[in-house]
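FYI, side chains are in, hydrogens and waters are out, and symmetry mates aren't considered; it's all heavy atoms of this structure. Whatever order the structure lists ligands and atoms in, that order sets their numbers, starting from 1.
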Amino acid sequence: MRRDIRRVALLGAGVIGAGWAARLVESGIDVVVADPDPEVHRKTGAVLQNAERALRALFPEPPARRGSVDYAASVEAAVDGADFVQESAPEREDLKRALLARADAVAPADVILATSTSGLLPSRLQADCRHPGRVVVGHPFNPVYLLPLVEVCGGAATAPETVPAASAFYASIGMHPLHVRTEIDGFVADRLLEALWREALHLVNDGVATTDEIDRAICHGAGLRWAFMGTFGIYRLAGGEAGMRHFMAQFGPALKLPWTRLEAPELTEALVDRVSEQAEAQAAGRSVRDMERSRDDALVAILRALEAQGIGAGADLARWRQGREIMSKFD
Ligand SMILES: NC(=O)c1ccc[n+]([C@@H]2O[C@H](COP(=O)([O-])OP(=O)(O)OC[C@H]3O[C@@H](n4cnc5c(N)ncnc54)[C@H](O)[C@@H]3O)[C@@H](O)[C@H]2O)c1
């Protein structure tokens, strides 16, 4: 698989595709966007502007070479000449299959075709490609330009060298590739997030808590720990000196109690209205871009704090910083 990546085709430039664009150009890689939205220039521009602001707070020196952003009139035109393709179109299997097949028809066989899908199975997405061996999931997290995690998952027809090659590329742009070894709906991270989301929807639906109360229950407590230590690490400590066995013995009975319902509630119009109205009230009239800036400021502060500790995503950031310093010496 091709390892020298200088130009990436981005198929779809919504929340995620534009986030990829920001991370890539910051890493000196040119991007070519294909997106039928007539407003794609304006929307991508707004994300790039916010990303630039956050990235300068993370790395005061701009990159030695910033990648360029171009817009193509078709998928084929974007893929032509690209060394890597990242598809971030809406989460619909038929649409993604067709887009990957169109890219596959144009791209040389050593060009990796990655999809940002949040949980669709790569074996199905690669099914219409002539060269399915180069198709892989590269599932990022929003905002792509600040969060390092990317889940990498191959399908039944993915060639053995594709996952390591895609992972090496993602690591080179400051990311933390996690190989999802078993192809499973929702991969690892979204299965966890989905479980929380389903229970949160039940709590709103049943009138137990508002969206704001649920968000406070996360941000003021467990969310702070999750920035650097996962559920198993945290619960190991919760068992005190006696450790995980003690924790499991103590809280084991709760697993039998009705503390969660993993079957999601019906998305009735009333529930959608309630969640949307409460979430709007939480926003208190602030625009999405303004809220993104607040989110990014907090993420930058957390990332820098974790970098000083050398843990979690801070270790990824330290590696990214080191890579940029080496690059700037060669430029
Ligand atoms: N939003 C998230 O938090 C998140 C996180 C990780 C992964 N993802 C995944 O990333 C993908 C994109 O999600 P998003 O949130 O950016 O969605 P989005 O709706 O913000 O963006 C999708 C973009 O794709 C474009 N598009 C539609 N048809 C297209 C086509 N035929 N060719 C090219 N582009 C086309 C749309 O115009 C739009 O700009 C999905 O697969 C989603 O599951 C989303």
*Where is the nearest protein heavy atom to atom 33 (C) of ligand 1: which residue, which atom, and how far?*
Ala34 O, 3.5 Å
_Between ligand 1 and Asn142, is the shortest N or O to N or O distance under 3.5 Å?_
no
*When you measure from atom 44 (C) of ligand 1 to every protein heavy atom, which one gives the shortest distance, and what is it?*
Ile16 CG1, 3.2 Å
_Closer than 4.0 angstrom, basic N to acidic O: yes or no for Arg289 and Glu292?_
yes
*Based purely on interatomic distance, does Gly17 place a nitrogen or oxygen under 3.5 Å from a nitrogen or oxygen of ligand 1?*
no
*Looking at Asp30 and Arg65, what are the two nearest heavy atoms and their distance?*
OD1-NH2, 3.0 Å
*asked:* Quick test: of every protein heavy atom, which one is nearest to atom 12 (C) of ligand 1, and how far off is it to 0.1 Å?
replied: Ser88 O, 3.2 Å
_Please list the nearest protein heavy atom to atom 21 (O) of ligand 1 with its residue and the distance rounded to 0.1 Å._
Gly14 CA, 3.2 Å
*ligand 1 contacted by Lys96 (non-hydrogen, < 4.0 Å)*: yes
*Quick one: nearest non-hydrogen protein atom to atom 30 (C) of ligand 1, plus distance?*
Pro36 CD, 3.8 Å
*Quick one: look at His139 and ligand 1, take heavy-atom pairs under 4.0 Å, and tell me if it's side chain, backbone, both or neither.*
side chain
_Carboxylate-amine/guanidinium proximity below 4.0 Å for Glu61 and Arg56_ = no
*If you have a sec, work out which protein heavy atom is nearest atom 25 (C) of ligand 1 and how many Å separate them, to one decimal?*
Asp35 OD2, 3.2 Å
*asked:* Which heavy atom of Ile5 sits nearest to which heavy atom of Asp83, and what is that distance?
replied: CD1-O, 3.4 Å
*Can a salt bridge be assigned to the pair Arg2 and Asp110 using a cut-off of 4.0 Å between side-chain N and carboxylate O?*
yes
*Specify whether Phe169 and Phe84 have parallel, tilted or perpendicular ring planes, treating 30° as the upper limit for parallel and 60° as the lower limit for perpendicular.*
tilted
*Between Leu58 and Tyr170, is there a shared hydrophobic cluster once you connect ILVMFWY residues whose side-chain heavy atoms come closer than 4.5 Å?*
no
*Could you go through the side chain to side chain contact (heavy atoms under 4.5 Å, CB included) check for Asn142 and Arg295 one step at a time?*
CA-CA 11 Å; Asn142 186 36; Arg295 174 201 64 192; 3.5 Å; yes
*Quick one: does Lys96's side chain have a donor or acceptor within less than 3.5 Å of a partner on Thr115's backbone?*
no
_Considering Val40, Leu99, Thr115 one by one, which has a heavy atom nearer to atom 32 (N) of ligand 1 than any of the others?_
Leu99
*Using heavy atoms and a threshold below 4.0 Å, how should the contact between Val15 and ligand 1 be classified: side chain, backbone, both, or neither?*
both
*Who's closest to atom 40 (C) of ligand 1 heavy-atom-wise, of Ala89, Ser118, Ser116?*
Ala89
_Between Phe59 and Trp320 (judged by ring centroids, cut-off 6.0 Å), do the two rings come close enough to count as a pair?_
yes
*atom 41 (O) of ligand 1: the protein heavy-atom neighbour that sits closest, reported with distance to 0.1 Å*: Glu91 OE1, 2.5 Å
*Contact partition for Leu95 relative to ligand 1, non-hydrogen atoms under 4.0 Å*: side chain
*Under 4.0 Å from any heavy atom of Thr117, which atoms of ligand 1 are there?*
41 (O)
*Is atom 17 (O) of ligand 1 less than 4.0 angstrom from at least one protein heavy atom?*
no
*Considering only the protein, which heavy-atom contact is closest to atom 24 (O) of ligand 1, and what is its distance?*
Pro90 CD, 3.3 Å
*What's the shortest heavy-atom distance between Gly19 and Val47, and which atoms?*
N-CG1, 4.2 Å
